[in-house]
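Remember, predicted model here, so these are calculated numbers, not experimental data.
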Amino acid sequence: MQQLRHQYSQRPPLLPQLWRQALSLLLALLAGWLLWPSAAQAAEVLQVRGNGQLQVGDGNRSYTVALACIRIDPSGQAEVADWLRSELPRRSRVNLRPMGTADGMLLARVTRLAPEGSDQLDLGASLVQRGLATPDPDGGEDCRSSS
C-alpha cells in the first residue's frame, strides 16, 4: 500500500498541469494577435481638385496630394478633374505611395482600392493611358521603376 501511495505522490497533479498548458496556449495566441501585421488603413478621398490634386483624409488628418510621375496639360485640366471625379467619388478608398513633396503638397502615386473581385486602378497610369496626361520626364527612377 505504501509503495502504491509513493507511486502516485510523485506524479504532478493533473489539474494544475492543464491550467499551465491552457495559460501557455492563451499567451501564445495573444502574442500572435499582437504581433500579426494589421492591414494598413487606406486614405479616403474627400475632394477632387483641378490639375490632378486630391484632398484625402486619413483618420483625423487631411492632405493635399498631387499625382506624381505625370504632367497634365493646362488645357485638359477640366477633363482630368471630371475623369477623376467619376473614378473617385467621395469616400473612395485609396492607397498612397509617397514620392516626395512640392509646394507644400504630397506627391504620391495613388491607387484606388477596389472591392473584392475587381482590379485596383493606378490613377496616374490610367490618365496617361487615356491620353489625359503624359509621363513626367523629370520624375526620376522611382517613377520609371514603379510604372
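Side-chain contact check for Val65 versus Val110: some heavy-atom pair is nearer than 4.5 Å. For the pair Glu44 and Val56, the minimum side-chain heavy-atom distance is 4.5 Å or more. Side-chain contact between Leu123 and Trp83 is present, with at least one heavy-atom pair separated by less than 4.5 Å. Put simply, the side chain of Ile70 does not reach to within 4.5 Å of the side chain of Pro135, judged on heavy atoms. Inter-residue side-chain proximity for Leu88 and Val94 is flagged as met; some heavy-atom pair is nearer than 4.5 Å. Residues Tyr63 and Gln55 form no side-chain contact, since every pair of their non-hydrogen atoms from C-beta on lies 4.5 Å or further apart.
Summarising the geometry of Ser62 relative to Leu46, their closest heavy-atom pair is CB-CD1, 4.0 Å, with the distance given to 0.1 Å. Among all heavy-atom pairs drawn from Ala133 and Ile72, the shortest one is CB-CG1, 4.1 Å. Heavy atoms only, all atoms of each residue included: Met99 and Cys69 are closest at CE-SG, 3.8 Å.
Residues passing the side chain to side chain donor-acceptor pair (under 3.5 Å) test with Arg90, sequence neighbours excluded: none. In this view, Arg71 and Asp136, Asp138 satisfy the salt bridge (Lys or Arg N to Asp or Glu O under 4.0 Å) rule, not counting sequence neighbours. In this structure Glu79 satisfies the salt bridge (Lys or Arg N to Asp or Glu O under 4.0 Å) test with no other residue, sequence neighbours excluded.
Atom CG of Leu121 sits about 12.5 Å away from atom CG of Asn95, to the nearest 0.5 Å. To the nearest 0.5 angstrom, Arg112 atom CZ is 11.0 Å from Asp122 atom CG.
Taking hydrophobic clusters as Ile, Leu, Val, Met, Phe, Trp and Tyr residues chained together by side-chain heavy-atom distances below 4.5 Å, Leu127 does not share a cluster with Leu107.
Considering Thr64, Leu54, Leu84 as possible partners of Arg49, the one that fulfils the side chain to side chain contact (heavy atoms under 4.5 Å, CB included) test is Thr64.
Salt-bridge annotation for Asp58 and Arg93: absent, with no side-chain N of the basic residue lying under 4.0 Å from a carboxylate O of the acidic one.
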